[in-house]
There are 2 protein chains.
Amino acid sequence: MAKIKPGKNASKRDVITQKAAALFKTKGFSSASMRELAEAVGVEAPSLYNHIGSKGELLQGICFKVANAFISYLDRAENTPAGHATRLEQIIRFHIRMMLDHFDEVYVANHEWKHLKEPYLSNFLIQRKGYEKRLIALLENGIAAKEFKPTNPYVAVLTILSAVRGLEFWQQHKKNISSQVLEDDMVNHLLKGITK
Amino acid sequence: MAKIKPGKNASKRDVITQKAAALFKTKGFSSASMRELAEAVGVEAPSLYNHIGSKGELLQGICFKVANAFISYLDRAENTPAGHATRLEQIIRFHIRMMLDHFDEVYVANHEWKHLKEPYLSNFLIQRKGYEKRLIALLENGIAAKEFKPTNPYVAVLTILSAVRGLEFWQQHKKNISSQVLEDDMVNHLLKGITK
DNA sequence: TGCAAAAACTAATAAGCATTAGTTTTGTAA
DNA sequence: TTACAAAACTAATGCTTATTAGTTTTTGCA
C-alpha cells in the first residue's frame with residue numbers, strides 16, 4: 001500500500017525535477033513524455049508518481065522557482081543605495097549569471113510557461129508583467145535623473161531583457177570565451193553601445 | 001478518386017500554412033492538433049491532406065521560408081556600397097520589420113524549428129550557423145575599420161540578434177508606441193547604448 | 001447539360017500519451 | 001529476525017493523435 005507522499009524525501013523529487021528541466025528544454029514540454037523522463041531518472045514511468053503529482057506540476061515547480069529567484073533579486077536591488085545605472089547594471093549581471101548557472105530551468109521558464117494550466121498560467125504572467133513594470137520604472141527614474149538617454153523605457157527594457165535571454169544560444173561557444181568576458185561585453189554593449 | 005496534388009491551387013495551401021503558423025505560435029507545434037488547424041481553416045481534419053503532405057511539412061515550409069528571407073536580404077546587404085555601421089543598421093532594421101510584419105512565421109521559425117525532422121533539422125541549423133557567421137564577419141570587419149568598439153564580435157552579434165528576436169513580446173504594447181519609434185529607439189540602443 | 005477532376009466528408013487504424021490500480025521488492029528500525 | 005512503509009514493478013484504462021481508405025459532394029469547363 002504505497003502512494004503516500006511525505007515531505008521527507010525532497011531529494012528524489014528534486015532529481016526528477018532537474019531531469020525534467022533538461023528534458024523539457026531539449027524536447028519541449030508537450031513532446032517530452034513521462035516515459036522518457038522515467039528513463040532519464042532510471043525508473044519505470046509509473047514509479048515517478050510516487051514522488052510527484054503530475055507532469056504539469058513539474059512544469060509549475062520549475063517556472064515559479066525561476067520567477068521567484070528574479071523577483072527576490074529585484075526586491076533586494078531596489079533597496080540598495082546606488083545610482084540607477086549601477087542598479088540596472090547589477091540586474092543585468094544577475095540575469096546573465098542566472099542564464100549561465102541555471103540554464104535548463106531558466107530556459108524552460110522562458111519557453112514552456114505557455115503550457116502551464118490555470119490558475120498558474122495567469123499567475124505566472126501577472127508576476128512577469130509586474131517584474132517588467134518595475135524595470136520600466138527604474139528606466140524612467142534613470143532617464144529623469146539624466147543617467148540614461150531620453151529613450152522609450154519600454155523599448156529599452158525589452159531590448160535588455162531580450163538580449164540577456166538570448167544567452168540560451170550561448171551553449172556552443174562556451175569553450176571559446178570566458179563567461180566573464182561575455183558578461184562584461186554584453187553589459188557594456190547594452191549600456192554604452194558598440195559604435196565609437 | 002481524389003488524392004492527386006497539382007501545383008495549381010497554391011492558394012488554399014497557403015491559407016492552411018498561414019493558419020498553421022498562427023496555431024503553432026500560440027500552442028506550440030506539438031500541442032497544436034490537425035483537428036484544431038482544420039477547424040481554423042473551416043474543414044474536417046482529413047480534408048487538409050488534399051492540400052498538404054503532413055503536419056511536419058507545414059513546419060518545414062514555414063521555417064525555410066523565413067530562413068530564405070533573411071539570407072536573401074543579407075546577400076543583398078553584403079553587396080551594397082556602404083560602411084559597416086550603416087550595413088549593420090540596415091540589417092537590424094530588416095530584422096525588426098520582419099518581426100513586426102511576419103510575426104507568426106518568424107515566431108514559429110524561431111521557436112519550433114527543433115521539431116523539424118531530419119534532414120531538415122540539420123539543414124536549418126546549418127543555414128542559421130552560416131548566417132550568424134556572416135554577421136560576425138561584418139562585426140569583425142567593422143572593428144578592424146575602427147567603426148565599432150573593440151568588443152567580442154560573437155557577443156555583439158548574439159546581443160543584437162537576441163534583442164531583435166525579443167520583439168515577439170511586443171504585441172501587447174503595439175498600441176502605445178509607433179513601430180517607427182520602436183525601430184529607431186532599438187537601433188540606437190543597440191548601436192550607441194543608453195547611458196549618457 | 002453532362003462529365004471529370006478537385007476537394008469535401010465519414011469511418012477506421014494504429015500508435016502514443018498520462019495516469020491509476022494492484023502487487024511485489026527493497027530498505028530500515030525495533 | 002520481524003514488521004512496516006517507501007518505492008519499485010506490471011498491467012490496464014481511457015483518451016488523443018496523425019494519417020489512410022473509401023465515398024460523396026462540389027466545382028468548372030466543353
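Residue B:I16 contributes atom CD1, which lies 12 Å from atom C1' of C:dA8 at whole-angstrom precision. Put simply, CG on A:L58 is 16 Å from P on C:dC17, counting in whole angstrom units. One can place CG of B:L48 at 10 Å from P of D:dT19, the figure rounded to the nearest angstrom. Put simply, CE on A:M34 is 18 Å from C1' on D:dA12, counting in whole angstrom units. B:E44 has its CD atom 14 Å from the P atom of D:dT17, to the nearest Å.
Under the 4.5 Å side-chain criterion, counting only non-hydrogen atoms from C-beta, A:H189 is not in contact with B:V155.
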Checklist entry - How far apart are the C-alpha atoms of A:F94 and A:L74, what are their side-chain angles, what is the distance that settles it, and do they pass the side-chain contact (heavy atoms from CB on, under 4.5 Å) test? => result CA-CA 10 Å; A:F94 180 73; A:L74 187 53; over 6 Å; no

Item to check | Test log, rule salt bridge (Lys or Arg N to Asp or Glu O under 4.0 Å), inputs A:R165 and B:E168 | outcome: CA-CA 12 Å; A:R165 224 186 106 138; B:E168 64 189 37; 3.8 Å; yes

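Nearest to the side-chain atoms of B:Y49 among the listed nucleotides D:dT19, D:dA8, C:dA18 stands D:dT19. In the set C:dA18, C:dT20, C:dC9, the nucleotide with an atom closest to the side chain of A:P46 is C:dT20. Nearest to the side chain of A:R35, among D:dA18, C:dT10, C:dC17, sits C:dC17. Here the nucleotide nearest the side chain of A:A45, chosen from C:dT19, C:dC17, D:dC9, is C:dT19.
In this structure, B:A38 reaches neither bases nor backbone, as no heavy-atom distance under 4.0 Å exists between it and the strands shown.
For A:S47, no side-chain nitrogen or oxygen approaches OP1 or OP2 of D:dA7 to under 4.0 Å. OP1 or OP2 of C:dA8 lies within a sub-4.0 Å distance of a side-chain N or O belonging to B:H51. Close to C:dA8, at under 4.0 Å from its OP1 or OP2, lies a side-chain N or O of B:K12.
Two rings, from A:F70 and A:H95, have their centers less than 6.0 Å apart.
Judged by distance alone with a 3.5 Å cut-off, no donor-acceptor contact links the side chain of A:N50 to the base of D:dA6.
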